[in-house]
Amino acid sequence: MDLFKLFRREKAVAQSRPRAEGVAFNGFDDPAFLEYARAGAISDTKALRNMAVLRCVSLISRAIGMLPVSPYVEGDEKRVAKDHPAYRLIKLKPNDWQTPMEFKSQLELSVLQHGDGYARIIRAGGRPIRLIPLKYDRVTAKLRGDWRMEYQVTDGKGSMITLPAEEMFHLRDLSADGETGLSRQKLAQEAIDLALQAQEAARNVFKTGVMAGGAIEVPKALSDTAYKRMKDSLDSDYSGAENVNKWMIAEEGAKANRFSSTAKDAQQLESRNYQVEEVARLYGVPRPLLMMDDTSWGSGIEQLAIFFVQFTLAERFVAWEQALARSLLTDAELGKIYFKFNERALMRGTLKDQADFFAKALGSGGHAPWMTQKEVRGLSELPASDDDVASLPKNPMQQQGAANELAKTA
């Protein structure tokens with residue numbers, strides 16, 4: 001009997017040992033487990049302490065939040081569906097405390113960090129009226145046996161509720177199972193850790209390293225009076241910005257030896273730059289947009305901005321558009337209404353480039369016009385014109401004929 005009790009006790013102890021990713025720890029006071037728990041608890045925000053990571057996720061999430069997305073009616077008219085309830089939610093007021101930019105930026109940041117972004121859909125009479133963002137660690141997504149998604153949500157009081165897919169807006173990153181997204185931050189944890197360690201090493205150099213600019217060498221020991229006079233002279237006469245390049249008078253055979261940067265210092269800078277490049281590669285952000293490679297600034301930066309929109313943001317636009325359609329449109333509305341980001345604000349060139357584009361769009365240079373003056377004024381955020389001809393093509397070869405046609409119908 002005693003042996004049986006002892007066996008049961010040992011089995012219970014073994015089962016109570018914490019485990020993580022297939023690794024067992026010797027109790028909750030095991031230093032290895034405490035280190036693992038601390039690392040997991042701070043990893044979400046710790047990565048953002050690296051300036052390259054912070055810049056990348058800020059660029060992407062704020063760009064998604066800044067650009068407007070609207071529901072459009074499919075067909076020849078291609079008009080904004082302002083009468084659809086999703087228009088007010090995603091364009092004007094997602095909830096009572098957030099702007100559309102804040103809401104979209106928060107969910108996109110969650111996706112970039114954890115692979116998933118969640119928002120509960122509040123409906124009234126079958127119409128969506130609120131989008132409530134949820135923390136990723138309070139939601140568990142699961143595909144049921146009938147091939148329908150359900151979400152278990154833990155509220156602030158610890159209570160758990162189960163929501164169907166119709167009541168959850170779920171935005172995923174890359175996914176291996178189709179249920180939840182993969183966390184890029186976790187997949188690239190080693191690269192981010194190296195970037196943080198390189199940053200920490202640089203901090204320690206300035207915190208504990210010797211930062212003297214050089215040394216004054218004397219052939220023999222100085223007396224206390226001579227040492228004090230030399231030290232006071234260095235502090236008062238040769239320190240500070242106002243004394244840059246000022247000549248120093250060396251007494252008693254003293255010789256100044258200036259310290260120069262070593263190959264080790266250059267290697268540290270190279271290592272930090274390489275880790276910045278690794279982070280940029282992780283999020284698909286061109287290095288110049290991380291304020292690096294100054295030689296790329298100029299005419300080439302416009303092409304880099306287009307590259308950023310086409311190869312980094314475009315896939316995020318599609319992910320948002322399709323997730324919004326899945327969650328906020330009924331089956332009857334699918335195919336009739338679609339969501340679309342307006343990325344023109346990011347693709348817009350200089351005033352000269354815009355003027356050239358609009359001139360060709362209106363028919364200058366012998367081009368067939370594909371826009372009207374009214375449409376050009378709308379894209380330029382100008383008020384509509386009272387001129388009736390503004391709604392007709394502006395090809396110089398057609399302008400007079402259009403005006404004559406209007407005069408005949410008047």
Side-chain angles (χ1 to χ4, degrees), residues 47-48 51-72 80-82 84 86-119 128 130-134 136 169-173 181 184-185 279-280 282-292 297 301-325 327-328 338-351 353-354 357 378-382:
L48 295 181
M51 290 297 98
V53 175
L54 179 60
R55 174 65 176 168
C56 286
V57 299
S58 296
L59 273 175
I60 299 175
S61 63
R62 301 300 277 184
I64 294 294
M66 176 186 67
L67 294 178
V69 55
S70 303
Y72 286 83
V80 178
K82 293 185 178 181
H84 196 279
Y87 175 83
R88 176 178 174 83
L89 274 182
I90 201 66
K91 188 73 177 291
L92 302 176
K93 189 178 181 181
N95 49 58
D96 294 333
W97 68 91
Q98 285 182 308
T99 64
M101 178 174 180
E102 292 170 343
F103 172 79
K104 289 184 291 183
S105 296
Q106 178 184 347
L107 256 66
E108 184 63 27
L109 177 61
S110 179
V111 172
L112 292 173
Q113 285 190 282
H114 314 298
D116 295 287
Y118 300 100
R130 291 289 186 275
L131 291 172
I132 310 299
L134 302 173
Y136 84 100
F169 173 69
H170 185 186
L171 189 65
R172 301 181 183 90
D173 202 347
R184 301 191 187 196
Q185 186 171 292
V279 173
L282 166 65
Y283 292 104
V285 177
R287 283 168 48 112
L289 298 185
L290 301 182
M291 307 307 173
M292 298 184 68
W297 291 95
I301 195 62
E302 182 178 352
Q303 296 303 317
L304 286 174
I306 295 175
F307 174 90
F308 177 60
V309 173
Q310 292 181 340
F311 295 99
T312 301
L313 295 182
E315 62 178 81
R316 304 306 312 149
F317 294 157
V318 176
W320 271 89
E321 292 162 359
Q322 295 184 356
L324 288 170
S327 302
L328 300 182
Y338 66 96
F339 289 87
K340 184 67 177 176
F341 269 91
N342 182 6
E343 67 271 18
R344 292 193 189 96
L346 294 178
M347 304 291 285
R348 189 175 298 170
T350 63
L351 291 177
D353 294 332
Q354 295 180 54
F357 170 78
L379 290 177
S380 302
E381 300 295 335
L382 295 174

Self-check item: More than 12 heavy atoms of other groups within 6.0 Å of Arg62 CZ
Solution: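 Counting other residues, nucleotides and ligands, CZ of Arg62 stays at 12 neighbours or fewer.
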Approximate separation, where rounding is to 0.5 Å, of [X] [atom1] and [Y] [atom2]:
X: Ile90; Y: Leu324; atom1: CD1; atom2: CG; value: 5.0 Å
X: Tyr87; Y: Lys93; atom1: OH; atom2: NZ; value: 15.0 Å
X: Arg55; Y: Ile60; atom1: CZ; atom2: CD1; value: 11.0 Å
X: Leu109; Y: Ile64; atom1: CG; atom2: CD1; value: 12.0 Å
X: Leu131; Y: Ser327; atom1: CG; atom2: OG; value: 9.0 Å
X: Trp97; Y: Ile132; atom1: CH2; atom2: CD1; value: 4.0 Å

Where [X] and [Y] come nearest, the two heavy atoms and their spacing:
X: Leu112; Y: Ser61; result: CD1-N, 4.2 Å
X: Ser105; Y: Gly65; result: OG-CA, 3.5 Å
X: Lys104; Y: Leu67; result: NZ-O, 2.6 Å
X: Ser70; Y: Val80; result: CB-CG1, 4.0 Å
X: Leu171; Y: Ala319; result: CD1-O, 3.7 Å
X: Pro286; Y: Phe308; result: CD-CD1, 3.9 Å

Quiz item: Which residues satisfy the salt bridge (Lys or Arg N to Asp or Glu O under 4.0 Å) test with Arg88, sequence neighbours excluded?
Solution: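 Testing Arg88 for salt bridge (Lys or Arg N to Asp or Glu O under 4.0 Å), a comparison that skips the adjacent residues, returns none.
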Heavy atoms, side chains only, cut-off 4.5 Å: are [X] and [Y] in contact?
X: Leu313; Y: Glu343; answer: no
X: Leu48; Y: Gln113; answer: yes
X: Leu107; Y: Phe169; answer: yes
X: Val69; Y: Pro100; answer: no
X: Lys91; Y: Pro68; answer: yes
X: Val111; Y: Tyr136; answer: no
X: Thr312; Y: Tyr283; answer: no
X: Glu321; Y: Phe341; answer: yes

Self-check item: Working for side-chain contact (heavy atoms from CB on, under 4.5 Å), residues Gln185 and Leu282
Solution: CA-CA 9 Å; Gln185 186 171 292; Leu282 166 65; over 6 Å; no
Quiz prompt | N/O donor-acceptor pair under 3.5 Å between Gln98 side chain and Asn95 backbone | solution =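 Absent.
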Quiz item: Could you give all pairs that pass the salt bridge (Lys or Arg N to Asp or Glu O under 4.0 Å) test and reach residues 108-117, with sequence neighbours left out?
Solution: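 For residues 108-117, and leaving out neighbouring residues, the salt bridge (Lys or Arg N to Asp or Glu O under 4.0 Å) pairs sorted by first residue read Glu108-Arg316.
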Exercise. Taking side-chain contact (heavy atoms from CB on, under 4.5 Å) as the test, write out the residues that go with Ala81, two or more places apart.
Key: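 Residues passing side-chain contact (heavy atoms from CB on, under 4.5 Å) with Ala81: Pro71, Val73, Asp83, His84.
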Exercise. Might you work through the side-chain contact (heavy atoms from CB on, under 4.5 Å) test for Leu54 and Met51, ending with a clear yes or no?
Key: CA-CA 5 Å; Leu54 179 60; Met51 290 297 98; 3.9 Å; yes
